[in-house]
Amino acid sequence: MSKKYIVLGAGGHAKVLIDLMKKSNLEIEGVLDLDVSKRGSNILGVPILGDEENLKKRGPKTVFLVNGLGSIKNTEPREKLFKKYFDLGFDFPNIVHPSAVVAEDVSFGFGVQIMAGVVVQSGTCLGNNVILNTRVSIDHDCNIADHVHIAPGCVLSGDISVGLGSHIGVGATIIQGVSVGSNALIGAGAVVLKNIKDKEVVVGVPARALN
């Protein structure tokens, strides 16, 4: 029997994923969430089964997992959740919206999530647990490291690298050839014209450092 999918987390990001998965005809068994008040309810008709204790009764061979945690500024909780179950041997398949346009030579890690209207051009590499959110545009030869969240409406021109765990805010633009360090934060609407250091926070047009 083919494995069904379980979504980890019952917030807004999970809701978007569930809609995506239904459009892709993926069979969802249910949702797990730490909030006990949500137990017995549903998201778009998919039942909330309980918390992560549910998985202790299961094994990695029984279900696929989908990381339903999003991130605002800080990608660490999402990274920890992914690593916890990935290290236990659970599979995190890549989830791609049917409307996305992805070049044939784009490389994927595990647990990549590509939302509606995304465009990813040739030569791009996507690491583990990456979110490319609604209407993101990524041009040729970009390198997106593990656990990066690129928020809705962002534009990355060609030959850009984004380091481990960084968050690119809604509607940000990064010009060609720029390097963004690890665990950096680019504010909403920022226009990035030069390299960003590890853990640097930048905002504005053009983007300037806050720390």
Side-chain angles (χ1 to χ4, degrees), residues 9 11-17 67-83 92 94-97 100-103 106-211:
H13 184 63
K15 186 175 185 178
V16 175
L17 283 168
N67 192 345
L69 290 186
S71 65
I72 300 174
K73 299 182 181 180
N74 183 10
T75 63
E76 185 176 0
R78 175 179 169 79
E79 177 180 346
K80 286 183 175 179
L81 185 62
F82 175 86
K83 285 182 174 179
F92 286 81
N94 299 317
I95 306 293
V96 180
H97 195 282
V101 178
V102 181
V106 171
S107 67
F108 286 77
F110 298 97
V112 175
Q113 298 172 356
I114 298 182
M115 303 307 191
V118 169
V119 177
V120 187
Q121 297 288 19
S122 181
T124 293
C125 298
L126 304 173
N128 296 334
N129 197 37
V130 165
I131 301 174
L132 303 183
N133 224 317
T134 309
R135 292 190 301 103
V136 162
S137 177
I138 297 184
D139 221 283
H140 64 88
D141 300 308
C142 290
N143 189 354
I144 312 300
D146 294 352
H147 316 299
V148 168
H149 181 179
I150 302 180
C154 291
V155 177
L156 277 63
S157 191
D159 195 26
I160 289 168
S161 64
V162 181
L164 179 74
S166 289
H167 182 98
I168 314 299
V170 172
T173 299
I174 306 177
I175 68 163
Q176 66 274 10
V178 164
S179 175
V180 177
S182 298
N183 301 116
L185 173 61
I186 296 176
V191 176
V192 179
L193 305 179
K194 60 183 181 180
N195 293 346
I196 305 298
K197 300 175 184 176
D198 292 350
K199 298 182 179 180
E200 193 167 28
V201 178
V202 302
V203 298
V205 181
R208 64 190 186 283
L210 291 183
N211 59 342

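It should be emphasised that the depicted structure is a prediction, and the values quoted were computed from it without experimental measurement.
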Can you give me every donor-acceptor pair (side chain of residues 171-197, partner residue at least two apart or in another chain, under 3.5 Å) with its distance?
| unit_1 | atom_1 | unit_2 | atom_2 | d |
| --- | --- | --- | --- | --- |
| S179 | OG | S161 | OG | 3.2 |
| S182 | OG | L164 | N | 3.4 |
| N195 | OD1 | S179 | N | 2.9 |

Please examine the side chains of [Y] and [X], heavy atoms only from C-beta on, and report whether any two atoms are closer than 4.5 Å.
X: V203; Y: R208; value: yes
X: H13; Y: Q113; value: yes
X: L126; Y: I114; value: yes
X: R135; Y: V118; value: no
X: V119; Y: I138; value: no
X: R78; Y: N67; value: yes
X: T124; Y: F108; value: no
X: L156; Y: I150; value: yes

What pairs meet the ring pair (Phe, Tyr, Trp, His ring centres under 6.0 Å) rule with one or both residues in residues 148-187, with sequence neighbours excluded?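 Residue pairs with at least one partner in residues 148-187: H149-H167.
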
Result block: side-chain N/O donor-acceptor pairs under 3.5 angstrom for residues 141-148, not counting sequence neighbours:
| unit_1 | atom_1 | unit_2 | atom_2 | d |
| --- | --- | --- | --- | --- |
| D146 | OD1 | N128 | N | 2.7 |
| H147 | ND1 | N129 | ND2 | 3.0 |

Contacts of K83 that satisfy salt bridge (Lys or Arg N to Asp or Glu O under 4.0 Å) - sequence neighbours left out: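 So K83 forms a salt bridge (Lys or Arg N to Asp or Glu O under 4.0 Å) with E79.
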
Can you list the residues that meet the salt bridge (Lys or Arg N to Asp or Glu O under 4.0 Å) rule with K73, with sequence neighbours excluded?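 Result, salt bridge (Lys or Arg N to Asp or Glu O under 4.0 Å) vs K73: none returned.
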
Determine the minimum heavy-atom distance between [X] and [Y], stating which atoms define it.
X: S71; Y: N74; value: CB-O, 3.3 Å
X: G169; Y: C154; value: O-SG, 2.9 Å
X: F92; Y: F82; value: CG-CE1, 3.6 Å

Pairwise distance CD1(I95) to CD1(I131) - rounded to 0.5 angstrom: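 That separation rounds to 12.0 Å.
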
Using modelled atom types and a 3.5 Å cut-off, is there a donor and acceptor pairing between side-chain atoms of T75 and backbone atoms of G165?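 Yes: the side chain of T75 pairs with the backbone of G165.
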
Residues that K199 engages under side chain to side chain donor-acceptor pair (under 3.5 Å), provided they are two or more places apart: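 Per chain and number, K199 pairs via side chain to side chain donor-acceptor pair (under 3.5 Å) with no residue.
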
